[in-house]
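Residues take their numbers from the sequence shown, with the count starting at 1. Ligands are counted one by one from 1 in listed order, and the atoms in each one are counted from 1 as well.
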Amino acid sequence: MKSVRQVAEMQAYTEAATSGLYAKQSGLVGKYDNVRKLWEDESTRIFLRPHLERLIDRRVSQMQRVRIMDLGCGSADGFELLTGIRRRDADLQDFEITLLNPAVLGRYHGVDLNEELIQQAQYLYGDYGKLTFSQADFSQGLPLAPEQRPYDLYFTSYGTCSHFTDDASLIRLLAEIAARTRDYCLIVCDWLGRYSYEWQTLWSNDLTQNHTMDYVVSYIYDKEERERRRDELQHLQLRLMTRQEAEALVQEAGRRAGVPIRQLGFFDRSVLTGRHMDTAEYNPHAPPLRQAVNSLHEPNVRTDLGLLEFDYVPKPGFEFVNDYFEHLQMCWNMLVAYVEELMLKYDESTQQYRSPPTPIPASYPQPLQEMMQRMRRVVEGTAWLGYGLPRENIIEPQLGFALRHLVVHLQQGFGCAHGLVGLFEVDKSEQKGTLG
Ligand SMILES: C[S@@+](CC[C@H](N)C(=O)[O-])C[C@H]1O[C@@H](n2cnc3c(N)ncnc32)[C@H](O)[C@@H]1O
């Protein structure tokens with residue numbers, strides 16, 4: 001028979017296990033894998049930062065706080081994404097570096113069609129006074145009653161705008177945002193990119209074709225499980241977007257509202273690391289690069305760097321896209337091969353190279369040259385460290401960040417990635433100025 005103490009101990013473990021807090025957390029798989037946290041969230045932050053900074057300065061100069069509406073908020077991951085944007089000029093000794101700190105954040109309001117997700121968001125954040133949620137269908141227009149104050153930032157993330165499978169309802173939503181703007185707002189639209197390598201079989205030069213894709217949510221399972229559950233997998237019809245189409249759509253919305261919606265920039269997010277790279281569901285040639293990048297960033301895990309090198313297979317008739325991907329592939333593989341060479345030649349005991357590493361040609365693109373130079377310093381600066389697994393915990397994660405830098409600086413915002421993000425502004429203060 002178990003003693004009272006043993007029963008209490010068992011209960012404690014049962015509670016811990018059922019709370020979910022004992023679940024194995026790994027950055028190698030799942031919704032919040034390393035690529036999502038360190039590449040996708042972060043590159044969106046990098047892109048948004050200067051514009052958010054301007055918006056905050058503007059509002060603070062008017063003695064106002066920033067109000068955000070997250071459209072298709074799900075369980076409110078956008079809140080963490082946005083409040084994770086940090087000051088670029090922060091010094092090492094600074095601690096409070098969040099741009100949207102409590103002093104400037106007025107309200108975050110999330111809307112979503114899915115009731116369970118709204119409940120989950122409420123469960124997670126309901127106690128924070130400034131976070132509110134409501135269930136609404138954004139395809140029926142902007143969920144903002146006439147008596148409600150408009151927002152300063154209308155945010156979408158992770159392909160949410162691709163849920164507008166007919167352009168008319170997105171045009172209507174954007175036109176309503178523009179019409180309701182008092183002096184100024186920022187809008188972030190996030191679509192699936194038409195020319196992601198993940199779905200190369202779906203590429204079309206005729207933009208009236210393949211408007212939407214049958215997006216199968218198969219990546220949550222490993223290969224065998226995926227095939228076993230093939231019939232139960234969820235399918236979504238999602239809009240594939242190019243910059244050209246997005247520009248036309250936003251221009252039309254501005255025309256309808258009678259106020260321009262000005263574009264601030266487009267950005268290709270997850271160029272070679274979208275979730276369907278690993279499934280090869282829509283492109284038999286897609287290499288599982290997300291898995292390999294996840295491994296680079298995983299503590300205490302040594303990655304086979306050979307898994308990062310890949311051979312881009314061009315699609316005839318898409319020369320512009322092929323040129324872009326071939327160039328990126330050459331830069332990416334070169335950086336990986338260079339780091340392999342550095343690790344091979346560096347002797348930790350003498351802190352010298354056994355033979356000099358290959359010189360970096362001045363003809364290489366600037367971001368590649370810079371990342372090769374930085375990786376050389378990383379290897380020289382840490383390979384001798386000995387403790388803390390320098391390769392797994394320093395060199396590999398830094399290679400991950402160097403590859404991210406390369407991708408972010410070579411992307412062109414044309415829709416050649418899993419996500420195409422467009423950032424726009426509506427500025428009525430200029431109109432007021434001219435009207436006197
Ligand atoms: C790709 S998920 C993004 C979720 C969340 N923003 C994130 O970062 O994980 C798209 C979200 O849009 C929501 N959604 C789809 N169609 C919608 C509609 N017509 N109105 C409101 N929300 C919608 C879905 O329920 C889902 O939560």
Problem - Residue among Lys428, Glu425, Arg58 satisfying side-chain hydrogen bond (donor to acceptor under 3.5 Å, both in side chains) with Tyr184 - result: Glu425

Practice task
Answer side chain, backbone, both or neither: which part of Asp137 comes under 4.0 Å from ligand 1, heavy atoms only.
Solution key: both

Exercise for the section: Distance to 0.1 Å, residue and atom name: give those for the protein heavy atom nearest to atom 25 (O) of ligand 1. Expected result: Asp112 OD1, 2.6 Å

Exercise for the section: May I ask you to identify, for Leu117, whether its side chain, its backbone, both or neither come under 4.0 Å of ligand 1 on a heavy-atom basis? Expected result: side chain

Exercise for the section: State whether Glu176 and Arg180 are salt-bridged, where the test is any N-O pair (Lys NZ or Arg NE/NH1/NH2 against Asp/Glu carboxylate O) under 4.0 Å. Expected result: no

Problem - Side-chain heavy-atom pair His297, Phe401 within 4.5 angstrom cut-off - result: yes

Fill in the blank from the handout: Atoms of ligand 1 under 4.0 Å from any heavy atom of Gly74, numbered from 1 in the order shown, are 27 (O)

Practice task
Between Arg36, Glu115, Gln140, flag the one that comes closest to atom 7 (C) of ligand 1 by a heavy atom.
Solution key: Arg36

Problem - Geometric class of the Trp191/Phe266 ring pair [parallel <30°, tilted 30-60°, perpendicular >60°] - result: parallel

Exercise for the section: Starting from atom 4 (C) of ligand 1, locate the nearest protein heavy atom and write down its residue, its atom name and how far away it is, to 0.1 Å. Expected result: Gly72 O, 3.4 Å

Practice task
State, with a plain yes or no, whether a side-chain heavy atom of Leu82 is found less than 4.5 Å away from one of Phe155.
Solution key: yes

Exercise for the section: Look only at the side chain of Gln120 and the backbone of Ser75, and say whether a donor-acceptor pair between them is shorter than 3.5 Å. Expected result: no

Completion exercise
When distances are taken from atom 3 (C) of ligand 1, the protein heavy atom at minimum range is Thr160 OG1, 3.4 Å

Practice task
Among all protein heavy atoms, pick the one closest to atom 17 (C) of ligand 1 and tell me residue, atom and distance.
Solution key: Phe138 CZ, 3.4 Å

Handout entry: Sidechain N-carboxylate O distance under 4.0 Å for Asp94, Arg87
Key = yes

Practice task
Using a 4.0 Å heavy-atom cut-off, say whether Lys31 meets ligand 1 through its side chain, its backbone, both or neither.
Solution key: side chain

Handout entry: Shortest protein contact, atom 22 (N) of ligand 1 (heavy atom only)
Key = Leu113 N, 3.1 Å

Exercise for the section: Number the atoms of ligand 1 from 1 as they appear, then name those within less than 4.0 Å of a heavy atom of Ala136, with their elements. Expected result: 20 (N), 21 (C)

Exercise for the section: Take every heavy atom of Ser157, measure it against each atom of ligand 1, and state whether any distance is under 4.0 Å. Expected result: yes

Practice task
Determine, using heavy atoms of Ser75 and all atoms of ligand 1, whether some pair is separated by less than 4.0 Å.
Solution key: no

Practice task
Provide, to 0.1 Å, the distance between atom 1 (C) of ligand 1 and the closest protein heavy atom, together with that atom's residue and name.
Solution key: Tyr158 O, 2.9 Å

Practice task
Return yes when Cys73 approaches ligand 1 closer than 4.0 angstrom through a heavy atom, no otherwise.
Solution key: yes

Exercise for the section: Using the six-membered ring wherever Trp is involved, compare the ring planes of Tyr219 and Tyr215 and label them parallel, tilted or perpendicular (cut-offs 30° and 60°). Expected result: perpendicular

Handout entry: Subset of ligand 1 atoms that lie under 4.0 Å from at least one heavy atom of Asn114
Key = 25 (O)

Practice task
Take the angle between the ring planes of Phe47 and Phe267 and call it parallel below 30°, perpendicular above 60°, tilted in between.
Solution key: parallel

Exercise for the section: Assess whether atom CD of Gln237 is packed by more than 12 heavy atoms of other residues, nucleotides or ligands within 6.0 Å. Expected result: yes

